[in-house]
Amino acid sequence: MRFSAALIPTLRDDPADAEVVSHKLMARAGMIRKVAAGIYTYLPVGWRVLRKVEQIVREEMERAGAQELRMPAVQPAELWRETGRWNVYGKELLRVTDRHDRQFCIGPTHEEVITDLVRGEVRSYKQLPVNLFQMQTKFRDEIRPRFGLMRGREFIMKDGYSFDADVAGAEKTYRAMADAYHRIFRRMGLTFRAVEADSGQIGGSFSHEFMVLADTGEDDVVYCEACDYAANSEKATSKVAAPERRDTPAMERRATPGVHSVADVAAFLNEKPERFIKALVFNTDPPHGTLELGRKGWPTQLVMVLIRGDREVNEVKLANHLGVAELRLAEDADIARATGGPVGFSGPVGLPEGARVVADRSVASLTDAVCGANAADTHLAHVLPGRDFGIEAVADLDTARAGDGCPRCEGGTLAIRRGIEVGHIFMLGTKYSEQMNATFLDAGGRKQPFVMGCYGIGVGRSAAAAVEQNHDARGIIWPMPIAPYHVALVAMNMKSEALAGAAETLYRQMADAGIEVLFDDRNERGGVKLTDAELLGIPLIVVLGERGLEKGICEVKERAGGDTREVPLEAVCAELKQRIRDALGG
RNA sequence: CGGGGCGUGGCGCAGCCUGGUAGCGCACCUGCUUUGGGAGCAGGGUGUCGGAGGUUCAAAUCCUCUCGCCCCGACCA
C-alpha cells in the first residue's frame, strides 16, 4: 500500500474525549473514528488489525473443531420471550419495531438464535457434538460506553456455541475451547491469565474469563505468583493463617466505652484484630422493602455475617451462598431492633430465637475470641465459637487479598492486578435447551436436552488490550501477528529522483516477495514519516536515505526495541521475510 | 438513573462573567525554498459559534427548551 493513496488520518494531538492509551493511540493512528457514543467506524488501518485478530481466532476455532456460520444481527422478540430474556435483559437490549409493528432486538448475543437453529436441524445423538461460531457486530446499549474499543456499545465479537449429548462431552468441548483460547491469545502476543469466574446468573456450572493484565483494566484479577491459579476478585479464595490456638476461659463482659471499630477495640483491649469476630448484618430484601419486626423475634430478611476482625466480607460470595440476587447492609435502626444493641457492638452471642448467623471459615476456627455484646459500650472476651454461640453455616465469604497464601499450591503468594476481559467461556448446561425445548434422541430413544457451552471473544477489545500492553511514548508497538502492516518503507526525500526511484524499486520487490508493506511515498519530510510509522506501530521500519543509497544500504529498524541495522539493498527482502517469519512464530 | 462539566473552522482551544457582528495554535489550499526526526517565507479562511425559541437597536455572549458528548457513581463484557 502506498501511504499517499491510503486513508490514514494521523493526529498530532490526543482527542479530547479519550482517556486510556489504547483509545488515544488508535484514534491518533487513524484507526478509529467515533460516530456516536460507543459506536465507531474502523478505518482501513484499524480494520486490517481487526481482520488479523479475526483470522487468528478463526484458525484456532477451526483447528479445535468448530465451524463458522453467520446469524442475523436483528432477532425476533419471540425467541427472546421463549427464554424469558426479553423481560430480563433490560435496557441493554436495543429493541426495534418494524413496519408491521413486530418487535425485534439488535442481538447482544445469540443463544436464542443458535438454539433455535440447532433444535430444528439436529435430531439424533449421532449428529453430536456440534460446535458453531461466528464473528459479528453486536449491540449492547451500555449505560456508560467508554475507553474507545474497550467498552463500546457496538462491537465485534466472536461468539461460539457448543451442543453435546451429555455433560462429559460438554466438558470435553469446554476444555478444547479453553485450549484454543490459550493459543489465540498467545498468538496475539498478549500477556494474559485464564481466571476462574463467577458464573453468576448465566447459570452454568463453571466459567473462565481470559484477562489481559493491564493497569487500565476494569476488573481485579487475583493470581498466584508461583503457580497458575487465577480468579477474579469475586471468586478468589486464599489461605489465611489462623492465629495460634489458645484455651478459652469462661466468657467475660468488658466495658469498651465509646470504642466500636475493630481497630479501636483491639487497641483498647490490647488484643490483635485477628482474634476479633466482626459481625455485619445484611438485609436480603430489595431496597425499600419493609421489615417485619416481631417484638423480640429475628426478621427473616436479616442475616448476621461473621468474619475475622482483620478481613472483609466478599458480598458476591455471600449473595451466592445465600442464593439471593441482591444484598445490602441493614439499616442502623433495623440492626438495633434485631440484635438489641447499637450498631458497632453487634455479635453472635445471645441473639433472639431464629437468628440467622453465617460465618466465614476464618471465624469457625477461632479460639479465645472477642466480639460485640449487643449492648452499648460492651464487648465479650474469651468467646469460643460453638460453645458460646451457634452458627447456621460456615462458608468461604472472605475477600482475597494480595499477600494471602495461594489456595492451590504450597508457599505461593497471591497478587492482584487489573485485567481486561478479552474472552469468556461458559458451561451453560441445559438452561437454554430446556427453556427452548431443544432436544435430541439419545441411544435409548429418549428425548434429552442439549448440553450447551458458549464462548466469547471481544475482537476489538483484544486489539485495544494489545495496544494497552504494547506501546511507548511514540505510539503503538504491534506484535507482528496483528500488525496492520509488517513493514513500513520510508523514503526520506521523495524529491530526490534517485532516492524515489530506489524506493519504488524496493517497494516493488517487497510487494512481489509477499511482504505486507506500507510505502510512505508522501512528499513529507523524513521526520514526519518516521513519526507516523512509529505512531502506527509497524514492527519493522525500513529507512532509505540519500547517504545510505550511495553506499547501497538501507536501515532496518525494529519498532519494539529500537534496534537498527544497516542492510544491503539486495539483501533486504530476504532479511525482512526471515524476521517476519520468526516473529509470526514459524 | 444520580452528581459534575463541555459543545466555537479538520484537530486542540480562547472569546461568554461585563452583549457591539469571530480569533489563536496545528492542520488544510497556492507559490517558492527546504528534505535523516513533526521545516521556512509569502498569500489564502475553509465557520448555520450543536439546534429551536425568547430578551435586545444588537446575541457565540443573557434567558428557556432541546439534542449530543465527556467525567464520577451505581451497573455490565
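Below, read A as the first sequence line, B as the second, and so on, with proteins coming before strands; counting in each chain starts at 1.
- A:Gly545 comes within contact range of at least one nucleobase, with a heavy-atom separation under 4.0 Å.
- The residue A:Lys138 sits apart from the nucleic acid: no heavy atom pair falls under 4.0 Å.
- In this structure, A:Lys529 places its NZ atom 14 Å from P of B:rU35, rounding to the nearest Å.
- A donor atom on one side chain and an acceptor atom on the other are not found under 3.5 Å apart for A:Thr137 and A:Glu154.
- The pair A:Arg508-A:Glu504 meets the salt-bridge criterion, with a side-chain N (NZ, NE, NH1 or NH2) lying under 4.0 Å from an Asp/Glu carboxylate O.
- Counting atom types as modelled, A:Arg151 pairs a side-chain N or O with a base atom of B:rC76 as donor and acceptor under 3.5 Å.
- The side chain to side chain contact (heavy atoms under 4.5 Å, CB included) test with A:Val459 is passed by exactly one of A:Ile56, A:Ile156, A:Val49: A:Ile156.
- Rounding to whole angstrom units, CD of residue A:Glu218 and P of B:rC71 are separated by 11 Å.
- Distance check on atom P: B:rC6 versus B:rU64 gives 15 Å, rounded to whole Å.
- Nucleotides B:rC26 and B:rG38, compared at atom P, are 15 Å apart to the nearest Å.
- Applying the side chain to side chain contact (heavy atoms under 4.5 Å, CB included) criterion to A:Ala330, with sequence neighbours excluded, gives A:Val281, A:Asn283, A:Leu302, A:Ile335.
- Side-chain rings of A:Phe426 and A:His424 approach one another, their centers coming within less than 6.0 Å.
- Using a 4.0 Å heavy-atom distance criterion, A:Glu92 is classed as a sugar-phosphate-only contact.
- Remark on RNA chain B: of its neighbouring residues A:Arg140 and A:Thr10, the 5'-side contact belongs to A:Thr10, judged by nearest-heavy-atom nucleotide.
- Residue-level contact check: A:Gly217 touches neither bases nor backbone, having no heavy atom under 4.0 Å from any strand.
- A 3.5 Å limit on both hydrogen-bonding distances identifies B:rG25 as the Watson-Crick or G-U partner of B:rC11.
- Residues in residues 184-195 of chain A take part in these side chain to side chain donor-acceptor pair (under 3.5 Å) pairs, two or more places apart or across chains: A:Glu59-A:Arg187, A:Glu60-A:Arg187.
- More than 12 heavy atoms of other shown residues, nucleotides or ligands fall within 6.0 angstrom of atom CG in A:Asp179.
- The C1' atoms of B:rC11 and B:rU46 are separated by 14 Å, rounded to the nearest whole Å.
- The side chain to side chain contact (heavy atoms under 4.5 Å, CB included) check on A:Ala6 picks up A:Met1, A:Ile8, with sequence neighbours excluded.
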Which pairs, protein N/O on one side and nucleotides 27-32 of chain B N/O on the other, fall under 3.5 Å?
none

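- B:rU48 and B:rG9 are spaced 9 Å apart, taking the P atom of each and rounding to whole Å.
- Evaluation of the side-chain hydrogen bond (donor to acceptor under 3.5 Å, both in side chains) rule for A:Asp219 yields no partner, not counting sequence neighbours.
- A sub-4.0 Å separation between OP1 or OP2 of B:rG37 and a side-chain N or O of A:Arg525 is absent.
- Side-chain contact between A:Tyr42 and A:Met31 is absent, with no heavy-atom pair separated by less than 4.5 Å.
- Across B:rC13 and B:rC57, the matching C1' atoms stand 33 Å from one another, rounded to whole Å.
- One interatomic measurement links the two molecules: CG of A:Asp14 to C1' of B:rC13, which rounds to 14 Å at whole-angstrom precision.
- Counting to the nearest Å, the P atom of B:rC1 and the CD atom of A:Glu142 are 16 Å from each other.
- The separation of B:rC76 from B:rU21, taken at their C1' atoms, amounts to 49 Å, rounded to a whole angstrom.
- To the nearest whole angstrom, the two C1' atoms, one in B:rC69 and one in B:rG25, are 24 Å apart.
- Across all strands shown, B:rU30 forms a Watson-Crick or G-U wobble pair with B:rA42, both key distances being under 3.5 Å.
- Across all strands shown, B:rC65 pairs with B:rG51; the Watson-Crick or G-U wobble distances both stay below 3.5 Å.
- Counting only heavy atoms from C-beta outward, the side chains of A:Ile553 and A:Leu569 never approach each other to under 4.5 Å.
- A:Lys91 has its NZ atom 14 Å from the C1' atom of B:rA74, to the nearest Å.
- Sorted by first and then second residue, the salt bridge (Lys or Arg N to Asp or Glu O under 4.0 Å) pairs with a member in residues 19-29 of chain A read A:Asp14-A:Arg28; sequence neighbours excluded.
- In terms of phosphate contacts, A:Arg144 brings no side-chain nitrogen or oxygen within less than 4.0 Å of OP1 or OP2 of B:rC1.
- Distance A:Arg146 CZ to B:rC72 P: 6 Å, rounded to the nearest Å.
- Under a cut-off of 6.0 angstrom, the local environment of CD in A:Gln67 is sparse, with at most 12 non-hydrogen atoms contributed by other residues, nucleotides or ligands.
- For B:rC76, there is no paired base (Watson-Crick or G-U wobble, both distances below 3.5 Å).
- In the region residues 16-36 of chain A, proximity to RNA chain B at under 4.0 angstrom, judged on heavy atoms, holds for A:Ala16, A:Asp17, A:Glu19, A:Arg28, A:Lys34, A:Ala36.
- The residue A:Leu11 sits apart from the nucleic acid: no heavy atom pair falls under 4.0 Å.
- Following rounding to the nearest Å, A:Met150 (CE) and B:rC76 (P) show an atom-to-atom distance of 18 Å.
- Looking at heavy-atom distances under 4.0 Å, A:Asp532 makes contact with a base.
- For A:Arg559, the side-chain hydrogen bond (donor to acceptor under 3.5 Å, both in side chains) partners at least two apart in sequence or on another chain are A:Asp472.
- Rounded to a whole Å, the CD1 atom of A:Ile143 is 15 Å from the P atom of B:rC70.
- Near RNA chain B, meaning a heavy atom under 4.0 Å away, the residues from residues 489-496 of chain A are A:Met492, A:Asn493, A:Lys495.
- A:Arg474 meets the side-chain hydrogen bond (donor to acceptor under 3.5 Å, both in side chains) test with A:Glu534; sequence neighbours excluded.
- Nucleotides B:rC28 and B:rG47, compared at atom C1', are 14 Å apart to the nearest Å.
- In terms of the side-chain hydrogen bond (donor to acceptor under 3.5 Å, both in side chains) criterion, A:Arg525 has no residue partners (sequence neighbours excluded).
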*Does the pair A:Tyr181 and A:His208 meet the rule for a ring-ring contact (aromatic ring centres under 6.0 Å, His included), with working shown?*
CA-CA 10 Å; A:Tyr181 273 43; A:His208 285 82; over 10 Å; no
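- A donor and an acceptor atom sit less than 3.5 Å apart, one in the side chain of A:Glu555 and one in the base of B:rG36.
- Taking for each of A:Ala37 and A:Val528 the nucleotide of RNA chain B with the nearest heavy atom, the 5'-most of the two is the partner of A:Val528.
- Pairing for B:rG19 is absent, judged as Watson-Crick or G-U wobble with the two contacts each under 3.5 Å.
- For RNA chain B, no neighbouring residue in residues 38-62 of chain A is found when judged by any heavy atom under 4.0 Å.
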